[in-house]
Amino acid sequence: MEIEVLIEEAAWVDLERLAKSACPAALKAVDLDADRYSVSILGCDDDRIAGLNAEFRGKPTPTNVLSWPSSDWHPPAPPKPGELGDIAIAHGICAREAAEQGKTLDDHLTHLLIHATLHLIGYDHETDADAAIMESLETAALATLGIGDPY
C-alpha cells in the first residue's frame, strides 16, 4: 500500500511507521488487497484540525481524526483500485485521549488510523448497526497487529 505522510506537527515521530501497518490492516479486515490502494495522511496539531473541522464539517473545534474519501463507495461493493482519500490526525487531542483512556499513544493512533481508513472505503457509524459492524472490523484489524479490543 502506498501511504504518503505529510508531517506538520513535529510531535508525530511515529506516524508514518504506524500508518504503514494500520492502514493495510484495515483493508485486510474487509478482504481488500492493500497493494492496490493508496492513502494520504496529514499529521497536524489541534489548531489545524479545528480549522479543517470547521471548514468541512461546520464544527470549529479540534477532533482526533478526519477523513475525506476520494469517491462515494458503499460496502459491500469494493472501492476501485487507486487513491482512497485523505486522513488528517491531530497529535494533541490524540495524546490526551490515549492518556485519559489508559492506552499507549501508538495503540490509540493505530486504532484511529484503522477507523479513518474504514471511513475512506465507505464504512460509517451513523446507526447502531453500522457502528457495530465498524467496531467489529476495527477490533479484528487491531487483533492482527497484536492490539486488544479498544472498546
What's the shortest heavy-atom distance between [X] and [Y], and which atoms?
X     : Y      : value
Arg36 : Pro81  : NH2-CG, 2.9 Å
Ile49 : Ala88  : CD1-O, 3.5 Å
Glu83 : Ser38  : OE1-OG, 3.0 Å
Ala25 : Ala141 : O-CB, 3.6 Å
Ile3  : Lys20  : CD1-CA, 3.7 Å
Leu32 : Ile121 : CD1-CD1, 4.1 Å

Flag if over 12 foreign heavy atoms under 6.0 Å of [atom1], [X]:
X     : atom1 : value
Lys28 : NZ    : no
Glu4  : CD    : no
Glu2  : CD    : no

Under a 3.5 Å distance rule, please check whether [X] uses its side chain to pair with a backbone N or O of [Y] as donor and acceptor.
X      : Y      : value
Tyr37  : Pro79  : yes
Ser136 : Ala132 : no
Asp46  : Ile93  : yes

Nearest 0.5 Å, please: how far is [atom2] in [Y] from [atom1] in [X]?
X     : Y     : atom1 : atom2 : answer
Ile87 : Cys23 : CD1   : SG    : 4.5 Å
Glu8  : Asp47 : CD    : CG    : 11.5 Å
Leu27 : Met1  : CG    : CE    : 4.5 Å

Verify same cluster id: [X], [Y] (apolar side-chain graph, 4.5 Å):
X      : Y     : result
Leu66  : Ile41 : no
Ile114 : Trp68 : no
Leu118 : Leu18 : yes

Does some side-chain heavy atom of [Y] sit less than 4.5 Å from a side-chain heavy atom of [X]?
X      : Y      : value
Glu135 : His125 : no
Leu109 : Asp14  : no
Glu138 : Tyr123 : no
Thr139 : Pro150 : yes
Ile89  : Cys94  : yes
Glu16  : Ile7   : no
Asp124 : His119 : yes
Asp31  : Pro78  : no

What donor-acceptor contacts under 3.5 angstrom involve side-chain atoms of residues 54-63, with partners at least two apart or in another chain?
{"unit_1": "Arg57", "atom_1": "NH1", "unit_2": "Asn53", "atom_2": "OD1", "d": "3.0"}

Evaluate Asp107 against His111 for side chain to side chain contact (heavy atoms under 4.5 Å, CB included), listing each step before the verdict. CA-CA 6 Å; Asp107 285 359; His111 177 206; over 6 Å; no

Just to verify, which of Leu6, Leu42, Leu113 counts as forming a side-chain contact (heavy atoms from CB on, under 4.5 Å) with Leu15?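 Considering Leu6, Leu42, Leu113, a side-chain contact (heavy atoms from CB on, under 4.5 Å) with Leu15 is found only for Leu113.
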
Sequence neighbours excluded, which residues qualify as ring-ring contact (aromatic ring centres under 6.0 Å, His included) partners of His91? Trp12

If you group Ile, Leu, Val, Met, Phe, Trp and Tyr whenever their side-chain heavy atoms sit less than 4.5 Å apart, what else falls in with Leu105? none

